[in-house]
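Below, all heavy atoms of this structure are taken into account, side chains as well, without hydrogens, waters or symmetry copies. Everything quoted here is computed from the prediction, not taken from an experiment.
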Amino acid sequence: MDSNLLFLWGTPRSMSTAFLRMMLERGDHEVYHEPFSSIVVQGRTVVGEHTATNHDQLIELLEERAADRPVFVKETTEYDYLTTGGDRIPHVGRHTFIIRDPRLVIPSHFAMNPGMVCDEIGYGHQLEIARRVREVTGVRPYVVEAEDLLTDARDAVERYCRHARIPFLESSLSWHPGNQPVWSRTEKWHRDAARSSRFTHSERTYEYTVDNNRFLYDCYWHHRPHYHVLRKWARALVPV
């Protein structure tokens with residue numbers, strides 16, 4: 001697997017864009033924001049000077065870019081990429097995952113997308129990718145908890161970098177607020193990330209939650225088992 005190609009897979013609203021913002025601040029990776037979902041939504045995505053119109057083309061282009069430079073790809077898991085042309089995904093690059101408590105993720109997603117279907121929350125798709133990566137590599141993939149980024153960002157990022165075999169750069173833990181061109185397609189989803197200057201708690205509250213809305217409650221109990229599998233993996237990786 002290409003050691004220069006690093007993936008981060010997260011459900012929507014999992015702080016994955018804040019993590020991407022940190023990777024942008026490093027300045028040592030070519031960064032791609034949700035290229036697989038761009039193909040699902042727009043039918044295409046741009047990688048370097050080329051355009052991919054399916055997942056297999058995208059994987060090939062990412063491998064080419066990673067041949068002579070470090071590449072970081074952040075992707076959300078509201079869609080099933082593995083069975084729609086992305087079956088090679090687990091076989092290329094290094095795969096890491098970010099999780100966040102679904103009690104926080106689901107109301108946030110619903111507020112942005114009240115027409116969502118339950119599968120779009122994404123924990124099922126995320127876990128399937130993680131399991132396939134483990135089958136291919138024989139190693140349990142690295143899982144970072146978003147909550148750890150809020151309690152001790154330095155420690156969480158340093159551990160991530162150690163696993164990913166990239167230098168830890170303390171300067172990347174803070175940045176100037178502002179929108180970034182790399183996420184322009186989905187800019188409305190990233191207002192918190194655009195306003196941020198570090199990993200910080202959101203003060204946002206939501207009218208509908210898993211406690212007062214039956215649809216969100218059912219979604220929570222559907223996705224909770226997938227989340228807890230990945231959380232056990234994350235806890236197993238934290239030194240005692």
Interatomic distance, CG@D148 vs CZ@F199, rounded to 0.5 Å, equals 11.5 Å

In the structure I gave you, are the side-chain heavy atoms of S196 and M15 within less than 4.5 Å of one another anywhere? no

Nearest heavy-atom pair of G122 and T77: which atoms, and what distance? O-OG1, 2.9 Å

Main-chain N/O of E207 paired with N212 side-chain donor or acceptor, under 3.5 Å: yes

Short N-O contact, D101 and R103, less than 4.0 angstrom: no

For V71, the option from E64, H29, R65 that meets side-chain contact (heavy atoms from CB on, under 4.5 Å): R65

Applying side-chain hydrogen bond (donor to acceptor under 3.5 Å, both in side chains) to E75 and not counting sequence neighbours gives S37, Y81

Could you walk me through whether F36 and H55 pass the ring-ring contact (aromatic ring centres under 6.0 Å, His included) test, one step at a time? CA-CA 6 Å; F36 291 93; H55 297 328; 5.4 Å; yes

May I ask you to test the T84-Y79 pair for a side-chain heavy-atom distance under 4.5 Å? no

Are T96 and Y160 linked by a side-chain donor-acceptor pair shorter than 3.5 Å? yes

Separation between CG (D152) and CZ (R159), nearest 0.5 Å, reads 8.0 Å

Without swapping roles, check the side chain of R132 against the backbone of I89 for a donor-acceptor pair under 3.5 Å. no

Does the pair R131/E135 count as a salt bridge with the N-to-O cut at 4.0 Å? no

Taking V73 as the starting point, is it possible to reach V41 by hopping between hydrophobic residues whose side chains are less than 4.5 Å apart? yes

Taking the basic N atoms (NZ, or NE/NH1/NH2) and the acidic carboxylate oxygens, is any pair closer than 4.0 Å for E145 and R100? no

Between R185 and S38, is there a side-chain donor-acceptor contact under 3.5 Å, judged purely by atom types and distance? yes

T76 (side chain) donor-acceptor with E78 (main chain) under 3.5 angstrom: no

Mind checking whether I121 and W221 sit in one hydrophobic cluster, side chains of I, L, V, M, F, W, Y counted as touching below 4.5 Å? yes

Single-linkage hydrophobic cluster, 4.5 Å side-chain cutoff, L149 and L6 together: yes

Is there a chain of hydrophobic side chains (I, L, V, M, F, W, Y, each step under 4.5 Å between heavy atoms) that links Y123 to V229? yes

Measure from the side-chain N and O atoms of E25 to the backbone N and O of S171, and report whether any donor-acceptor pair falls under 3.5 Å. no

How are the rings of F7 and H95 set to each other: parallel, tilted or perpendicular (split at 30° and 60°)? parallel

Rounded to the nearest 0.5 Å, how far apart are CD1 of I39 and CD of E34? 12.5 Å

Is any side-chain heavy atom of R88 closer than 4.5 Å to a side-chain heavy atom of E63? yes

side-chain contact (heavy atoms from CB on, under 4.5 Å) for K74 and T17? Distances and angles first, verdict last. CA-CA 8 Å; K74 172 264 197 182; T17 302; 2.9 Å; yes

Are Y206 and M112 connected, step by step, through hydrophobic side chains (Ile, Leu, Val, Met, Phe, Trp, Tyr) whose heavy atoms are closer than 4.5 Å? no

Could you pull out all residues at least two apart from Y220 that satisfy ring-ring contact (aromatic ring centres under 6.0 Å, His included)? none

Is there a donor-acceptor contact under 3.5 Å linking the side chains of E147 and T151? no

If only atom types and distance count, is the side chain of S184 paired as donor or acceptor with the main-chain N or O of P181 below 3.5 Å? yes

Do W175 and M22 have side chains that approach each other closer than 4.5 Å (heavy atoms only, starting at C-beta)? yes

Walk me through whether T11 and I99 qualify under side-chain contact (heavy atoms from CB on, under 4.5 Å). CA-CA 7 Å; T11 67; I99 57 171; over 6 Å; no

With rounding to the nearest 0.5 Å, note down the distance linking CD1 in I166 to CG in D28. 6.5 Å

Rounded to the nearest 0.5 Å, what's the gap from CG on D56 to CG on D87? Could you check? 7.0 Å

To the nearest 0.5 Å, how far apart are NE2 in H33 and OG in S16? 6.5 Å

